[in-house]
Structure formats: structure tokens, C-alpha cells
Amino acid sequence: MVPGGVVKTSSVQQRLGAVLGAAALALGLGVASVLVAPPAGAASGVVAPLPAKAYSLSSYYGPRCMPVAGASTWHLGQDMGAASGVRVNAIADGVVLRAGTAAGFGQWVVVKHTIAGRTVSSLYGHVIDGDRYVRAGQQVKAGQRIADVGSSGTATGPHLHLELWHGTYGAGATHTDPLAYLGARGVDLKRAATRVAVRSVPTSCTYYATSQVNLRSGPSTGAPVLAVVPRAATLTAKPGAGSGTWRQVTYGSRTGWVSASYVSPRKPSGSTGSSSGTTAPSGTVRYVTASSLNLRAKASTSSAVVARLAKGTKVTYLASPSQGWVKVKAGSRTGYVATAYLTSTKPASGSGSGSTGSSSTAKVSYVTASSLNLRAKASTSSAVVTKLAKGTKVTHLAAASKGWVKVKAGTRTGYVSTAYLSSTKPATGTGTSTPPAAQVSYVKVSSLNLRAKASTSSAVLARLAKGTRVTHVGAASKGWQKVKVGSRTGFVATAYLSATKPR
């Protein structure tokens, strides 16, 4: 009681505290000595995402070289290597923003928190099944199991990829270093790890072109082409040099941009470099592999076209190749051609005729890409008439020009990029413009959601185990495929399907 008869507090907690305090005094102890220290991070309401001593720290936040093809050059998170199936915990109380399939990550969970009065988002990538334990909109508590460690998406092995963002993820949030952020709040990920990799950034990265690719002046298909990079050519780059799906690289003395889809830290198998002739001396004889190859006045795609060389045309080197170009003599004409379209052996279907020949209107080619746009005009900004599957046969209706050729595919007519055509049919091609209804695939991840609609927010009808055989119902669209599995029909993400059954 206080003067005036007002009760200051009547809580059980205060009474208990008074009793403990009295006991402490009776024993000759200070009151503080009977208080139990809270666990690390408890004061801030933040906990570790993985159990102590169940993980190692590997790839850190910051600039890096691509570890595998398609990976980022700026690592936005902290990688924690762990056995597949290890529980993943929410780092704080919050609400689930996303759970399920995600490009690159394979499977993920994203949670929005309020920590010390500020909005923070945590992202857990490469998990086994993003919506096994939680769903978007669900409330979760710090330390609650929200996923299991996996290796889905672009990953070299089982690990958790943890990202932390200031703000709401996907709505203007900014990324931050998870190791530093958690450490400042009492969660020391290094101390609880079984192994801690040395944190260092290389001075340079070495990559290889997985196929012939244009080196452009900017990160866009509309940017001017600086050079044509042949398959297996060596490229160098600075760690972190990239923009979205583009990578800034140096080829020879030129620095430009290439699509990340054609860059890998590993040299493509079976590459000998003979097709590009990059080290061949003057006097070397080569043959044109493209249906129509421009012979230019200078070593530049913006230079005047002297003549168009038909497939199989014989050319003689007048100098050694440099930066993807070589000076040649074709018949009585002299000029420059891109080495990416030359070979040491004469193509079987080549005409071998003069320098001004053009491809026959009856010439056929096959699509080498998994999906190739047939466009209304010879431009990447032109409308897509249809999508051609790998192996689709196309008939040339005119000579190729500036990397495009007018073709007929089935009953459709339009333009396609010559970079994705071959004179021989790929082994895995279907030969039709759309996948046949009877086409089958196999699930290549440990667990894949079969959904009611082509959306990660759609209801899950079933979970398909690795190796499950699915039958395609119609053509794939925007990364989704309608399939039939037993008596069930639904949609699955095409990224997790394979033409061959995994072991």
C-alpha cells in the first residue's frame, strides 16, 4: 500500500519477486544474484535459423564469382551448410509472406517481422518444401519450425540460404548482411557453427561461354553487339559484376555484357576450340556453318556488308583471329567474318559455292533451344507468333540477315534467331512446335507440389515424390505445365521436371 490507500501493483510476479528478494537477503545474497541470464538473442526476440552445431558457414553475403551456372554474382544472403532435413526455424515472430516454389531458390519461405519497432523480412531459400509447415498469411513464432534444409533450385548441395531485408520483402526493401545483423542482436552464428569458412573475395572470376553468345555494350538484347564470343571461350569478370540476368565480362580486350544463361564457371565438355579457329594462323581454311554469314568491311557488326556467304562456303584466313573476328578471302572478295560461324570441316549440306550465295528456300534447320520464339518480325520486341520446342523442324523462306531468318514451322510463318538453329536435329528434340499431349516427364526434386492452378498461391492437390512420372496435358506456359498423375490433374513448375527418370 502507498499513502492514500492505492495499491501500486497486485501482480503475482511482483509478489514472487518480493519473496525471492527476502529470501536472498536472508541468505546474505544480493537480489541480482538470483536472476537467471536470458539466452542469446532473447532480449531482442531473435533466434538462430538452424540448431547449434548442426551447420557450417560457407558462402557469405557480398560480391562473389558465380559458383554454378545461373547463380548470382552478388550473394544477398548467408549460406549455412547442413544435412538435408535439418529443421529451419523462424528467426523471430512474424507473418509468412511467401511459401512454396520460387525461381532460383527452388523452394522458399519468406517471413515479415517487427523487430525493435522496425519491419524486417527474412528469406529461407533452397528448402525441401516451402509450404509443408506454413502457408502465406500464417502467424509464426520465433524458433518455430517453418521448413527443412534442402538443395532445391540452383544449389550445389544441401544448405540454407538466409537473407535479411530492411522493410517488406518485394516492396522496396533493402538487403543487409545476415551475419552482422543477427550478431548485433545476440545471435552469433559463427560460435554455433561446426566449421567457419574463410571470408574472402577473389580479385577476378573466370567463366566460359557455354555456346556462342553476343557480347553487348549493355545488359539488354537491344544493346549493340561488340563481338561474337565462341563456345568455350574464356571470359573474365569482377566479383559482383552483374545486372539481373546479365553478367559484365571481358573477352579479349573488350568488356561488355552477356546473358547469364550462356556463362558457366566450368568449361563445357567436349570443347576443343577447333570450330572457332581462335588460334589458327594465316592461310588456314575454314567453312561457313551458318545458313548465311555476313562478310563485312571491318571487324564490327555495324560495318558494311561486302557479301553474304552461304553455308559451306570456303574461306581462307588472311590473319589470325582476334576478338571473335578474322580477316578472310572468299572467292575474289576480302573482308571480316565472325569466327563463331566457321568450322574446319565442310558441312554436309553446305553449297561451297561463291561468296555471294544465299541459302536455298528449301533449306531446313532444327531448334536447339528448349523454347524458341517465332516472331512476327525480325526483332526481339516483335510479337511472338508461337513458341517452338527443341527439335522443331523449320523451313527457311529466305536468306538469314542480321542474326534472323524467316521460316515456316508447320502452318506458321515468322522470324527466329539463327543462333538457336542447327542443321542436325538435337537428340532430345520432339520435332513439333509444341510438346505433344502424350509427353511425359519425371519429378527431379524430393517433393513437388501439384497445384489446382498455375500459381504458387493456388491450393496444393498433392505432393509428388522424386521420380514420379507425370503426363503433360497441353503445352507449358510461363514456367508451368498442366499434368496428369494417376487420377489427379493439376499444375507443376517445369523447373522441377526432367525428361529422364532420376536415380
Side-chain angles (χ1 to χ4, degrees), residues 47 49-51 76-77 80 82-113 120-155 158-165 168-171 173 441-468 470 476-486 488-498 502:
V47 300
L50 296 182
L76 297 180
M80 305 171 71
S84 183
V86 168
R87 64 177 289 156
V88 176
N89 305 315
I91 64 162
D93 295 354
V95 60
V96 178
L97 294 179
R98 294 174 176 82
T101 304
F105 293 117
Q107 293 282 318
W108 70 351
V109 176
V110 182
V111 182
K112 178 181 176 181
H113 318 273
V120 177
S121 298
S122 58
L123 183 155
Y124 312 80
H126 305 302
V127 297
I128 290 178
D129 192 342
D131 57 2
R132 178 179 180 182
Y133 300 104
V134 295
R135 298 286 189 274
Q138 180 179 334
Q139 296 285 337
V140 295
K141 292 291 185 181
Q144 180 178 331
R145 188 174 197 165
I146 57 174
D148 298 323
V149 170
S151 57
S152 59
T154 305
H159 73 284
L160 171 66
H161 172 87
L162 174 70
E163 292 183 12
L164 291 180
W165 294 73
T168 302
Y169 183 82
S441 296
Y442 299 88
V443 175
K444 62 180 182 180
V445 291
S446 56
S447 179
L448 179 61
N449 289 326
L450 178 70
R451 296 185 179 273
K453 296 181 181 180
S455 168
T456 54
S457 61
S458 178
V460 176
L461 303 178
R463 291 188 174 88
L464 310 181
K466 185 175 182 179
T468 299
V470 299
S477 176
K478 297 180 180 179
W480 292 89
Q481 174 67 57
K482 188 174 184 180
V483 299
K484 185 175 182 181
V485 187
R488 301 228 184 173
T489 300
F491 293 84
V492 294
T494 56
Y496 307 108
L497 297 179
S498 171

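Along the sequence shown, residues carry numbers from 1.
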query: Of all heavy-atom pairs between Ala82 and Leu50, which one has the smallest distance, and what is that distance?
result: CB-CD1, 4.2 Å
query: Which ring-ring contact (aromatic ring centres under 6.0 Å, His included) pairs, counting each pair once, include a residue from residues 83-111, with sequence neighbours left out?
result: Phe105-Trp108, Phe105-His126, Phe105-His161, Trp108-Tyr169
- prompt: Is there a side-chain contact between Val110 and Ser122, using heavy atoms and a 4.5 Å cut-off?
  reply: no
Gln107 side chain vs Asp129 backbone, donor-acceptor pair below 3.5 Å: no
- line: Heavy-atom nearest pair, Ile91 first then Ala142, reads O-CB, 4.2 Å
- prompt: Going by distance alone, is a donor N or O of one side chain under 3.5 Å from an acceptor N or O of the other, for Ser151 and His159?
  reply: no
Test item: Val96 and Ile146 side chains (from C-beta on) under 4.5 Å apart, heavy atoms: no
- prompt: For Val86 and Pro51, which heavy atoms make the closest approach, and how far apart are they?
  reply: CG1-CD, 3.8 Å
- prompt: Does a side-chain heavy-atom distance below 4.5 Å link Leu162 with Leu123?
  reply: no
query: Below 4.5 Å, heavy atoms only, C-beta onward: do Thr168 and Leu97 meet side chain to side chain?
result: yes
- prompt: CG of Asn89 to OH of Tyr133: how many Å apart, nearest 0.5 Å?
  reply: 10.5 Å
Presence of salt bridge, Arg87 and Asp148, under 4.0 angstrom: no
task: For Leu160 and Pro49, work out which heavy atoms get closest and say how close.
output: CD2-CB, 3.9 Å
- request: Might you point out which heavy atoms bring Gly100 and Arg451 nearest each other, and give the distance in Å?
  value: CA-NH2, 4.1 Å
- prompt: Taking Arg488 for the side chain and Leu461 for the main chain, is one N or O donor matched with an acceptor at less than 3.5 Å?
  reply: yes
message: I want to check something: taking the side chain as every heavy atom from C-beta on, are Val111 and Val140 in contact at a cut-off of under 4.5 Å?
response: yes
- prompt: Can you check whether Trp165's main-chain N or O pairs, donor with acceptor, with Ser121's side chain at less than 3.5 Å?
  reply: no
